[in-house]
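Hydrogens, waters and symmetry mates play no part in the numbers below; they use all other heavy atoms, side chains included.
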Number of protein chains: 2
Amino acid sequence: MHRTRVRVIEDALDANTTIARANRADFERAGVRVVNLMSAPGAGKTTLLERTLARLGAGNGAARAGVPRIGVLEGDVQGTLDADRLASLHVPVVQINTDPGFGGECHLDANMVRSALGAIPLDRLDLLVIENVGNLVCPAEFQVGEHHRVMVASVTEGEDKPLKYPLMFRACELVVVNKIDLLPHLAFDLDRFLYNVDAVHPGVRRLLVSARTGEGIDDWCEWLVGAAR
Amino acid sequence: MHRTRVRVIEDALDANTTIARANRADFERAGVRVVNLMSAPGAGKTTLLERTLARLGAGNGAARAGVPRIGVLEGDVQGTLDADRLASLHVPVVQINTDPGFGGECHLDANMVRSALGAIPLDRLDLLVIENVGNLVCPAEFQVGEHHRVMVASVTEGEDKPLKYPLMFRACELVVVNKIDLLPHLAFDLDRFLYNVDAVHPGVRRLLVSARTGEGIDDWCEWLVGAAR
């Protein structure tokens, strides 16, 4: 009797992970670092990017010393509102709508990002920021090929969000706490929020910013420039 | 030759709609009206309910003249934070966690609600408020057997949200615009927001409230008492 050797494939990937790896390989071939930026609706991702691009002067393909060339991939259920805002800052912006072709999905997945790659001038970028669909649940479950995952949490959302959406807070290496200019007007306990962040993701880096006033934006820009290297 | 008559079933329902109808039948048998309350994370659903229950004095099973007996079904990915807050107001509160049994879903569906029905004292309620998972996309796609759908939109989320999440704004018969106490501190154009609401759902009713200060809460309570009839 023959004994058939069965080869066990231990690293069976789901389709999303397979495609995310292909995206990642394409990014690395082009020398582009990629940040997946996530948050609840209205936490201020787009305003943060507007402020960032203006501060860095990253538009007009300007490869000045130390300033990365930045592109943006916008994810929204429908419309191009955010893409239009950012395109006015003269950076390459590509919009993915999850509604028509992808069934109204509440997140970006690797295949959606892959579908957009041909439209992004990767060879002329150092950094691609992917602005995910506003949602604190599903975007954290889908890798898209990114090198870094960052979330924006607004102080208007309450101290309890890390405890209610722990996967999102755990999936990120940096939590950007936005709208701190509103703290004097809110019943929001910042210490308790940061304690809750640390409870679900011990030691995760946090930056306090106001995309509106510019407070804290220098530290964020410094982090982003570092991420582009 | 025989001709076989083929009966065409035109109203083929998906599983969710079938179960939503069963839920609805159970609610009607018990004489309970049901409101599905939806919003983005941190828009203030729980604070609104706290304020509402305190204002109406709906706890302690008090069936005083004109005050409905209210119960709450809480939907969260995990934890019982919101349920604990509301239970302290002495109303029946049941928590559904979408994480352990349901795969971390970002919304409630009819089957999750059905799974909870046995734990809710329907015969002792006039109104059940279902506080959905904080998310502006998927909750709008799943009927759960409710009579009314209401969304809470916070003024901190920006004027563009109706245009970016139109299905949610269209799925509701009432948009509760919350946190209006923060308007003096925000670059938020209320008229433009209401224009956008009307653009995606012409004529939909809007109520302006601050769950924190109590402004506008009387009108909301009046709407809710009407919905309980």
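Heavy-atom distances place both the backbone and the side chain of B/Leu163 under 4.5 Å from chain A. With a 4.5 angstrom heavy-atom cutoff, A/Ala43 does not touch chain B via any of its atoms. B/Pro184 does not touch chain A: none of its heavy atoms, backbone or side chain, sits under 4.5 Å away. If you measure heavy-atom distances from B/Lys161 to chain A, the contacts under 4.5 Å come from the side chain alone. Contact annotation for B/Leu186: both backbone and side-chain heavy atoms come within less than 4.5 Å of a heavy atom of chain A. With a 4.5 angstrom heavy-atom cutoff, B/Asp76 touches chain A only via side-chain atoms.
Electrostatic pairing of A/Arg149 and A/Glu173 does not count as a salt bridge here, judged by no charged N lying under 4.0 Å from a carboxylate O.
Residue with the most contacts toward chain A among B/Ala40, B/Pro41, B/Gly134: B/Pro41 (heavy-atom pairs, distance under 4.5 Å). Interface check for chain A: of the options B/Leu167, B/Asp160, B/Asp181, B/Thr156, the most heavy-atom pairs under 4.5 Å are formed by B/Thr156. Top candidate by heavy-atom pairs under 4.5 Å with chain B, chosen from A/Asp82, A/Thr98, A/Asp99, A/Val133, is A/Asp82.
A side-chain contact (heavy atoms from CB on, under 4.5 Å) with A/Leu128 is found for one member of A/Val72, A/Val34, A/Val35 and no other, namely A/Val34. Of the options B/Leu53, B/Leu125, B/Leu49, a side-chain contact (heavy atoms from CB on, under 4.5 Å) to B/Ile70 is made by B/Leu53 and by none of the others.
The CD atom of A/Glu146 sits 6.5 Å away from atom CD1 of A/Ile130, with the distance rounded to the nearest 0.5 Å.
Using a 4.5 Å heavy-atom cut-off against chain A, the contacting residues of residues 204-213 of chain B are B/Arg212.
A pairwise comparison of heavy atoms in A/Leu108 and A/Met112 identifies CA-SD, 3.8 Å as the closest pair. Across all their heavy atoms, A/Cys138 and A/Asn135 have their closest contact at N-OD1, 3.8 Å. Minimum heavy-atom separation, B/Met168 to B/Pro139: CE-CB, 4.2 Å.
Every pair passing ring-ring contact (aromatic ring centres under 6.0 Å, His included) that includes a residue from residues 138-172 of chain B is listed here, sequence neighbours excluded: B/His107-B/Phe142, B/His148-B/Trp223.
At a threshold of 4.5 Å between non-hydrogen side-chain atoms, the residues A/Ile120 and A/Leu73 count as touching. Side-chain atoms of A/Met151 and A/Leu136, non-hydrogen and from C-beta on, do get closer than 4.5 Å to each other.
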